[in-house]
Amino acid sequence: MKKFVSNNPEESKKFAQDFAEKILAEKCAENGALVLALVGDLGSGKTTFARVFAEALGVKEKVKSPTFIIFRKSKLVDKKWQEKRFEHFYHFDVYRVHDEKEILNLGWEEIISDHKNIVLVEWADKIKNILPGNCVKINFKHLRGDKREVEIA
Ligand code: ADP
Ligand code: MG
């Protein structure tokens with residue numbers, strides 16, 4: 001369990017970037033996809049974190065949030081990631097999902113069992129029954145003003 005308190009968006013971005021580098025190096029050899037489960041209220045910083053994480057992978061995400069499309073799949077073009085086994089980045093936002101079946105029907109089991117995938121899920125508590133046991137849980141909290149807490153569980 002590791003807690004970080006950020007005082008402004010810039011600090012949060014720096015944290016997300018450092019975290020991305022660390023976790024990607026650390027989880028290189030594990031089986032199945034690398035699944036990051038982001039949990040926290042609206043405005044607590046999940047999307048900010050997701051964007052920086054994507055950027056660290058060399059993915060430029062469009063402004064449109066995946067809230068409206070459930071997920072976005074991006075190919076990792078940088079050879080560096082392929083050498084490290086990763087080929088695709090999935091950014092899910094399951095805010096509007098009411099039934100885990102909706103996600104299962106998108107080929108979820110296949111996505112999370114593929115060793116080449118990095119799968120980040122915003123509002124992951126909505127699909128907690130279908131998250132893999134080895135997923136990395138990240139809790140976001142809106143403290144006061146611009147203060148945000150990020151906890152890696
Ligand atoms: P979520 O996806 O959890 O709803 P977002 O990342 O979309 O949250 O929104 C966080 C909002 O809070 C953004 O408008 C961002 O500019 C603002 N913000 C203010 N302070 C911070 C901080 N310390 N860290 C992250 N975001 C912050
Ligand atoms: Mg969001």
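Computed from a predicted structure; not experimentally measured. Order of appearance sets the numbers: ligands from 1, and atoms from 1 within every ligand.
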remark   = Short version for P9: what comes under 4.0 Å of ligand 1, heavy atoms counted, is both
message = Heavy-atom distances under 4.0 Å decide this one: backbone, side chain, both or neither, for D146 against ligand 1?
response = both
message = Can you tell me if, anywhere in T47, an N/O/S atom lies at a distance from the Mg ion (ligand 2) that is smaller than 2.8 Å?
response = yes
message = Regarding E122 and H91, do their side chains bring together a donor and an acceptor under 3.5 Å, going by distance alone?
response = yes
4.5 Å side-chain heavy-atom contact, H142 and L42 = no
request  = Within a distance under 4.0 Å of any heavy atom of E122, pick out the atoms of ligand 1 and give their elements.
outcome  = 2 (O)
request  = Report the nearest protein non-hydrogen atom to atom 11 (C) of ligand 1: residue, atom name, distance rounded to 0.1 Å.
outcome  = G43 O, 4.0 Å
task = Check each atom of ligand 1 against the heavy atoms of D41 and keep those under 4.0 Å away; list them by number with element.
result = 3 (O)
ask   = Would you call S6 a ligand 1 contact, heavy-atom distance under 4.0 Å?
value = yes
inquiry  = If the cut-off is 4.0 Å to any non-hydrogen atom of S12, which atoms of ligand 1 fall inside it?
reply    = 22 (C), 23 (N), 24 (N), 25 (C)
request  = Of the side chain and backbone of E11, name the one, both, or neither that has a heavy atom under 4.0 Å from an atom of ligand 1.
outcome  = neither
ask   = Taking atom NZ of K116 and atom CD of E87, what is their separation to the nearest 0.5 Å?
value = 5.0 Å
inquiry  = Could you identify the single nearest non-hydrogen protein atom to atom 12 (O) of ligand 1 and state the distance to 0.1 Å?
reply    = R148 NH2, 2.9 Å
Nearest neighbour in protein (non-hydrogen) for atom 3 (O) of ligand 1 = K46 NZ, 2.7 Å
key: Nearest protein heavy atom under 4.0 Å from atom 8 (O) of ligand 1, yes or no   = yes
key: ligand 1 contact by D93, heavy-atom criterion under 4.0 angstrom   = no
N-O pairing of R51 and E55 below 4.0 Å = no
ask   = Relative to the ring of F49, is the ring of F19 parallel (under 30°), tilted (30 to 60°) or perpendicular (over 60°)?
value = tilted
ask   = Is the charged tip of K73 near the ring of F89: under 6.0 Å from the six-membered ring centre and within 45° of its axis?
value = no
ask   = Would you say the side chain of W123 lies within less than 4.5 Å of the side chain of D93, judging by non-hydrogen atoms?
value = yes
ask   = Are I118 and L24 side-chain neighbours, meaning at least one heavy-atom pair lies under 4.5 Å?
value = yes
query = With under 30° as parallel and over 60° as perpendicular, where do the rings of F86 and W81 fit, or are they tilted in between?
reply = tilted
task = Compare all side-chain heavy atoms of R96 with those of I70 and state whether any distance is below 4.5 angstrom.
result = no
request  = Give yes if a backbone or side-chain nitrogen or oxygen of N8 is under 3.5 Å from a nitrogen or oxygen of ligand 1, and no if not.
outcome  = yes
message = I'd like the name of whichever of L38, L42, T48 reaches closest to atom 15 (C) of ligand 1 through any heavy atom.
response = T48
message = Out of the candidates I112, N117, I111, only one should pair with D114 under the side chain to side chain contact (heavy atoms under 4.5 Å, CB included) rule; please name it.
response = N117
ask   = Would you say E122 has an N, O or S atom lying under 2.8 Å from the Mg ion (ligand 2)?
value = yes
query = Which atoms of ligand 1 have any heavy atom of T47 under 4.0 Å away?
reply = 1 (P), 2 (O), 6 (O), 7 (O)
